[in-house]
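Report on the following structure.
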Amino acid sequence: VDHLSVAPEKPAQLVSPRPALAPNDQVRALNYDDLHRRRVTVFFRFFMALPHLLWLSIWSGGVLLLAPVLWIATLVNRRPPEGLREVYAMFVRYATHVYAFLFLAAQPFPGFLGRPGTCTVDLEVPPTGDQGRWGVGFRFFLALPPLLLATALVGFGGGGGGTSTSTGDESANLALNLGVGFTAAFFAWWACMARGRMPQGIRDLLVYAIGYAAQAYAYLFLLTSRYPNSDPAVAPLAPLPPHPVRLRLTDELRRSRWTVAFRLILSLPHLVWVTLWTVLIVLLAIAAWLVTLIAARPPRWMHRFFARYVRYQAHVVAFAYLGGGPFPGFVGAPGSYPVDIEIGERERHNRWTVLGRALLGLPAAAISSGVGTAMVIAAIGGWFFALITGRMPQGLRNLIAYGARYGAQVVAYYLFVTPRYPYSGPADFHR
Amino acid sequence: VRRAGFIAAAAAVVAACIWGGIRLWDTTVPSDLELNTGAAMRSFDPEAEDEAADFEALIRWLFIASQLVLVGVLAVYARVGTRFMRESAAGPIGTGFLLGMMGIALVWLVQLPFGFVEIWWARRHDAAEVNYLDFVIGDIAGLAGEALFLCLLLLIVMGLARLLRAAWWAPGVAILAGLFTLLVWVSPFLLPGLEDPPRPIVADARPLAVKQGTTDAEVKIEDVHEWTEQPNAYATGLGETEQIVLWNTLTDGFDRREVRSVISHEFGHLQHDHLAKSIGWFALFAFPAALVVTVLTRRRGGLGEPAAVPLALLVVVVLQLVASPLVSGSSRRYEAEADWAALEATRDPAAMEALHHRFTAEALSDPDPPGWYHWMFDSHPSGAERVAMAREWAARNR
């Protein structure tokens, strides 16, 4: 264990070094992972993670018991006591390490104390600083929305502890607890076993999800007064690789409160239209599959028609989930919406991948579905925020825009618009 | 020449409307009926009558207030609603959808408090079971349906207006009337969870259907106990899809003879093609209304332009209010005709009379509403008129 807990020589961090954190800054996820995975440790990953999960549960119980002490002390002194703060920082960091290890976002077996630098996916916690008493007093309630989003992103109750969120409805609870993280890790396991390498997109999605959960728990446990930021732009991710289906974002975050208030009703004609369109598309997709299997590329008109559909459904998703402000058009015209999808020219497909397209696309579809759950929570939170302020939070908007882009890539892959596999990493906002 | 052609066409439409209106207005109720409503009123239990009058008084004022607010909101929306065009990335018709849906959403919002007060009042009088949350959820579902229907209407109207400019209304109204016909025809299929009636109702309904020539119509029971205890029944469908639906609040709580009267009344609607005639009324109203809307929205570029949609909504609502005496008048005539048909078929005026006494006592239906309101908005004859009709029938058939 000691041998494995030693972090390997770190490759370069995936974003350029940033200045040291100031008091009450956001906790910062760090990513030194090189994507390399040893098949044997991947194969036994869950088994190897068991002692960590057990230890994390025990630790979770302890930090929950101490939470009232931490809360009262912080309420009185406006900052957490140094010793307690250190314990909670180690706990959140440890949870980050454990989830990164369990979900294959990191390779080395982490240490049991959450020490900095013991895992390739790490966490930097800001130094202590004074916090407002109102924010501290209502911290639990304020932290609920980000904790819910963290649960949808990571699953298993989020990245900070072993608790789960009960909604009273078992199926909803299951969907939330599986989360993006668990779904992505499940498929990553197979990829790592096959290639001995973690797919970069899935690794980045996991780093983003775990990093966000760490922010949420750091906020809950008073390590910082900064509200969690769901913007993928703050996560340490690899640059977005070129892909023929790309996000083009010109949205300015302003929202009309009235159209926000009635967003679901306003989305209805689009939902009906997209459903009708989907019926036609499914029928055409069968023909497209046969043609592409023979000719290695779909007919030009089909490509154009499918591209319009891909773009349109992304516009509708963006509008319904408040990722975009204006009411979209009904024909998926390029450049017609602030959350738009650029689609490249028709390409040649490998016939084997065409033959097995339905099966090959399943992992991406499942991950996209998980992202969809997170998008729903982001949309609900964004709805309240936009209704009050007339603006959509950038973090939530970017999460929704990423979800729309990833969903569009999945649909495009299924419809033979592109032979390129959907890229699940949310690095669209990195410059 | 063009002007003369337009005037000739308009005159032809007006003449056709008048001729059609006269035909549709006509019913089989003897024109020499003299209804002694004063005597009929004395047959109602004064206590029940007072409670019903008290109950309906607030409902009436709520309705009037909600209509005033409706017109006020739409008037404001007609002025400022075009600002929402900035919130659209869609084309003209899509933007029209947005403006239309925002209009009815705002109307829904300002009507919601009236709905709450009405529910509170009905619950206070044990006339409703529905709770406030269910009411809002049901209302939102209704709003969603309205939004979709409005989009379909706007697609037809704006699409034709963009294609044919001011001449859209002739084919437009024909298509809308066709759509309305289709809606009436399919409406029985849109009613989920209807049950077959128990044996006594089947036994009562069969001879009545034979007598009234409605043997193809089905009789169904709708379970409404969850949200109301008020009795009701209705006829729906067209031709092969005709059916009558009885609420189980009626079949469970009313005397068999009274239920038989209701069945026969609903068969009366089918016997005299009232649903088909309602399509005729729709067309009669829609032709001049479409003309008026076309003329009034010209300054905003015509109905093909989204900017005209908020104004068009206002105009349609105002026209509906203006036409309501005519619409409710024709409806009252058809209800009277169905009552007369039921009396002819059941030959049981006592049951009819007892039924309306119970409607007053249990459904809190005011037997003698204020004349102006009755003339403007009531779709049914008053309880007193219906009892008087039953007595008149009895006197003629003694």
Side-chain angles (χ1 to χ4, degrees), chain A residues 248-277 308 311-341 383 386-387 390-392 401 404, chain B residues 73-74 76-112 136-159 162 190 306-307 309-310 313:
Chain A
R248 184 174 161 275
L249 192 66
T250 52
D251 176 62
E252 289 172 348
L253 299 173
R254 188 192 67 78
R255 298 287 180 270
S256 150
R257 289 184 179 86
W258 286 110
T259 65
V260 168
F262 296 110
R263 186 59 59 113
L264 262 186
I265 298 287
L266 296 178
S267 304
L268 278 177
H270 283 294
L271 296 178
V272 170
W273 183 235
V274 86
T275 306
L276 294 174
W277 204 344
R308 285 236 166 199
R311 209 178 288 115
Y312 174 61
Q313 59 88 32
H315 294 173
V316 172
V317 166
F319 177 70
Y321 288 34
L322 293 156
F327 188 76
F330 284 78
V331 291
S336 66
Y337 203 67
V339 181
D340 198 23
I341 301 294
W383 188 82
L387 200 61
R391 283 182 74 77
M392 187 70 178
Chain B
V73 166
L74 284 178
V76 173
Y77 188 64
R79 281 185 71 85
V80 302
T82 48
R83 288 180 196 169
F84 283 112
M85 287 172 70
R86 288 193 301 241
E87 300 300 327
S88 177
I93 296 179
T95 305
F97 288 2
L98 174 70
L99 294 182
M101 286 192 290
M102 279 309 300
I104 62 163
L106 292 173
V107 164
W108 172 81
L109 196 65
V110 296
Q111 298 279 305
L112 200 58
V136 173
I137 291 169
D139 228 29
I140 291 174
L143 175 65
E146 281 174 26
L148 285 178
F149 190 66
L150 180 70
C151 287
L152 181 63
L153 286 184
L154 286 171
L155 177 67
I156 293 167
V157 170
M158 292 183 74
R162 293 186 72 76
L190 307 177
V309 171
L313 282 180

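Everything numeric in this text was worked out from a predicted model, so none of it was measured.
At a 4.5 Å heavy-atom cutoff, the contact between A:Pro328 and chain B is made by backbone atoms alone. For B:Ala105, the parts lying near chain A are the backbone and the side chain together; criterion is any non-hydrogen pair under 4.5 Å. Contacts between B:Leu98 and chain A at a heavy-atom distance below 4.5 Å involve backbone atoms as well as side-chain atoms.
When every heavy atom of B:Ala89 is checked against every heavy atom of A:Tyr337, the shortest pair comes out as CB-CD1, 3.8 Å. In plain terms, the two heavy atoms of B:Phe84 and A:Ser256 that are nearest each other are CE2-OG, 3.8 Å. For the pair B:Phe97 and A:Pro269, the tightest heavy-atom approach, listed with the atom from each and the gap, is CD2-CB, 4.4 Å. Across B:Ala144 and A:Leu268, no two heavy atoms sit closer than the pair CB-CD1, 3.2 Å.
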A:Arg254 and B:Glu87: CA distance, side-chain angles, deciding distance, salt bridge (Lys or Arg N to Asp or Glu O under 4.0 Å) verdict
CA-CA 10 Å; A:Arg254 188 192 67 78; B:Glu87 300 300 327; 2.9 Å; yes
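The interface of residues 151-158 of chain B with chain A, defined by heavy-atom distances below 4.5 Å, comprises B:Cys151. For residues 76-83 of chain B, a heavy-atom distance under 4.5 Å to chain A picks out no residue at all.
The choice from B:Ile93, B:Ile140, B:Thr95, B:Leu109 that makes the most heavy-atom pairs within less than 4.5 Å of chain A is B:Leu109. With respect to chain B, the highest number of heavy-atom pairs below 4.5 Å among A:Pro326, A:Gly324, A:Gly329 belongs to A:Pro326.
Between the CZ atom in B:Arg86 and the OG1 atom in A:Thr259 there is a gap of 11.5 Å [rounded to 0.5 Å].
By the neighbour-count criterion of 12 heavy atoms within 6.0 Å, atom CG of A:Leu264 is sparsely surrounded, having that number or fewer from other residues, nucleotides or ligands.
Using a 4.5 Å heavy-atom threshold, the side chains of A:Trp258 and B:Met102 count as touching.
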